[in-house]
Novice: 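Have a look at this one.
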Amino acid sequence: MIGRKTLKKHGPKDQRIAWVFMAPYIILFTLFIIIPVGIAIALSFTNFNTIQTPDIVGFMNYVNLLTRDAIFMQYVLPNTILFAVIVGPGGYILSFFLAWCLSQISKGPRTVLALLLYSPSMTSGVAMNVVWRIIFSGDERGYLNALMLNLGWINEPIAFLQSTEFLMPVMIIVALWSSMGVGFLAMLAGMMNIDETVYEAADIDGVRNRFQEVFYITIPMMKPQMLFGLVMAVVNTFQVGHIGVSLSGANPTPQYAGQLIVNLIEDYGFIRYEMGYASAASVVLLIMIYAITKWSGRMFKED
């Protein structure tokens, strides 16, 4: 009885304190997530050029996008799916593998290597212009072209960043290089927090090699970090549309070879000022991200 009375007496106060601490997050989440998403959904049903009053057109933007836009169906959607299928799982598996490798070494080298692997995710924009565009430059001064010319593999430089054949592979390479973000750090932290006695007990129970340790101990013990890394991999994969534009220097990319949904949204929203159509594309992208995240998250759902 005393415990219940105490709970009733202090419960509302504790709730008020909790709401005070949650208020900054709730306010920021509402201002920068809920309201923009709501505005995008509302604008997707209009024809809006950012100057005149929006005209309501119903589902016409979605109908045009999904049934009449040949560029979207022939280039943008297949490019986005191909890019996501390779970069998403590839970056996720690579993050887990590198995190596992770092967890096997001592603290000093692990800290330095983790910083080196994480830094590309923070400096990808600078590296795009300073490093990758020089490496894949389309003249003989490009590092890759110069190397292949000196080795006699090619007779003339290849325009990697303007080629419909090579632009997407270059985008995938750059995206994988910069995919070691916060998901990678979360998985590394999860591995480092696993109690060593669990591995010792597993060894007694018959676990004999590292593969079995990873499959039966490491992954089950760090499901929250694995799920977080998975969500971040999915979201980041669909967000890195700037890679193709930064490398090629044009939006749309040459012959739409590297055009993703994010590029389409930027093209219609900030170049053509067709905000209604861009909003419809952004809603389609949001639905794709949500569906893939919910589907893939079931793999690490807590029992």
Side-chain angles (χ1 to χ4, degrees), residues 65-66 68-94 119-181 233-272 274 277-278 281-282 284-285 288:
L65 180 68
L66 299 176
R68 300 179 182 177
D69 192 336
I71 300 300
F72 179 79
M73 299 303 297
Q74 186 175 353
Y75 299 103
V76 177
L77 188 59
N79 286 344
T80 303
I81 294 175
L82 175 64
F83 187 80
V85 166
I86 297 178
V87 174
Y92 183 69
I93 295 172
L94 187 61
S119 58
S121 65
M122 299 184 295
T123 60
S124 59
V126 177
M128 210 81 68
N129 295 314
V130 177
V131 178
W132 292 106
R133 293 189 67 176
I134 297 176
I135 292 176
F136 293 105
S137 177
D139 52 33
E140 64 276 1
R141 292 174 295 179
Y143 293 164
L144 185 57
N145 272 322
L147 177 62
M148 292 192 297
L149 286 170
N150 290 332
L151 293 175
W153 292 353
I154 57 176
N155 296 322
E156 59 182 15
I158 301 174
F160 292 101
L161 305 182
Q162 305 298 322
S163 169
T164 58
E165 181 181 359
F166 293 104
L167 181 57
M168 180 59 71
V170 172
M171 289 171 56
I172 292 172
I173 292 172
V174 176
L176 290 174
W177 171 79
S178 60
S179 62
M180 304 298 111
V234 172
V235 173
N236 290 336
T237 298
F238 283 96
Q239 285 182 338
V240 291
H242 64 88
I243 290 180
V245 174
S246 298
L247 290 173
S248 64
N251 188 7
T253 55
Q255 300 184 46
Y256 301 97
Q259 196 78 351
L260 307 180
I261 294 183
V262 175
N263 306 134
L264 179 79
I265 296 171
E266 182 181 358
D267 180 20
Y268 277 92
F270 303 104
I271 298 177
R272 308 188 192 194
E274 297 181 20
Y277 198 78
S282 67
V284 171
L285 178 61
M288 290 176 61

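Just so you know, these numbers come straight off a predicted model, no measurement behind them.
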Novice: Once side-chain contact (heavy atoms from CB on, under 4.5 Å) is applied, do any residues pair with Ile172, and if so which ones, sequence neighbours excluded?
Specialist: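 Once residues adjacent in sequence are excluded, the partners of Ile172 under the side-chain contact (heavy atoms from CB on, under 4.5 Å) criterion are Phe83, Ile86, Val87, Met168, Leu176.
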
Novice: Would you give the length of the straight line joining atom CG of Leu82 to atom CE of Met171, rounded to the nearest 0.5 angstrom?
Specialist: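 That separation rounds to 9.5 Å.
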
Novice: For Ser137, check side chain to side chain donor-acceptor pair (under 3.5 Å) against everything at least two apart and list the hits.
Specialist: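 Here the qualifying residues are Asp139.
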
Novice: For the residue pair Trp132 and Trp177, establish whether any side-chain heavy-atom pair is separated by less than 4.5 Å.
Specialist: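 They are in side-chain contact.
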
Novice: Table please: side-chain donor-acceptor pairs of residues 254-272 below 3.5 Å, with sequence neighbours left out.
Specialist:
| from | atom 1 | to | atom 2 | distance (Å) |
| --- | --- | --- | --- | --- |
| Gln259 | OE1 | Thr253 | N | 3.0 |
| Gln259 | OE1 | Thr253 | OG1 | 3.4 |
| Gln259 | NE2 | Asn251 | OD1 | 3.1 |
| Asn263 | OD1 | Leu260 | N | 2.9 |
| Asn263 | ND2 | Gly241 | O | 2.5 |
| Asp267 | OD1 | Arg272 | NE | 3.4 |
| Asp267 | OD2 | Arg272 | NE | 3.4 |
| Asp267 | OD2 | Arg272 | NH2 | 3.1 |
| Tyr268 | OH | Arg272 | NH1 | 3.3 |

Novice: Only pairs under 3.5 Å count here: list side-chain donor-acceptor contacts from residues 69-78, not counting sequence neighbours, and write none if there are none.
Specialist:
| from | atom 1 | to | atom 2 | distance (Å) |
| --- | --- | --- | --- | --- |
| Asp69 | OD1 | Ile71 | N | 3.1 |
| Asp69 | OD1 | Phe72 | N | 3.1 |
| Asp69 | OD2 | Tyr277 | OH | 2.5 |

Novice: Locate the shortest heavy-atom distance separating Ser179 from Gly91; write the atom from each residue and the value.
Specialist: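 The pair with the smallest heavy-atom distance is OG-CA, 3.7 Å.
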
Novice: Just list the side-chain donor-acceptor pairs under 3.5 Å for residues 147-161, sequence neighbours left out, or say none.
Specialist:
| from | atom 1 | to | atom 2 | distance (Å) |
| --- | --- | --- | --- | --- |
| Asn150 | ND2 | Ala146 | O | 3.0 |

Novice: Just to verify, what does Arg68 make a side-chain contact (heavy atoms from CB on, under 4.5 Å) with, not counting sequence neighbours?
Specialist: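 Residues passing side-chain contact (heavy atoms from CB on, under 4.5 Å) with Arg68: Met60, Val63, Asn64.
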
Novice: Indicate the atoms forming the closest heavy-atom contact of Pro89 with Ala84, along with that distance.
Specialist: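 Shortest heavy-atom contact: CD-O, 3.3 Å.
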
Novice: Any donor and acceptor pair, going by atom type alone, linking the side chain of Gln162 with main-chain N or O of Ser248 inside 3.5 Å?
Specialist: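 Yes, because the side chain of Gln162 sits within donor-acceptor range (under 3.5 Å) of the backbone of Ser248.
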
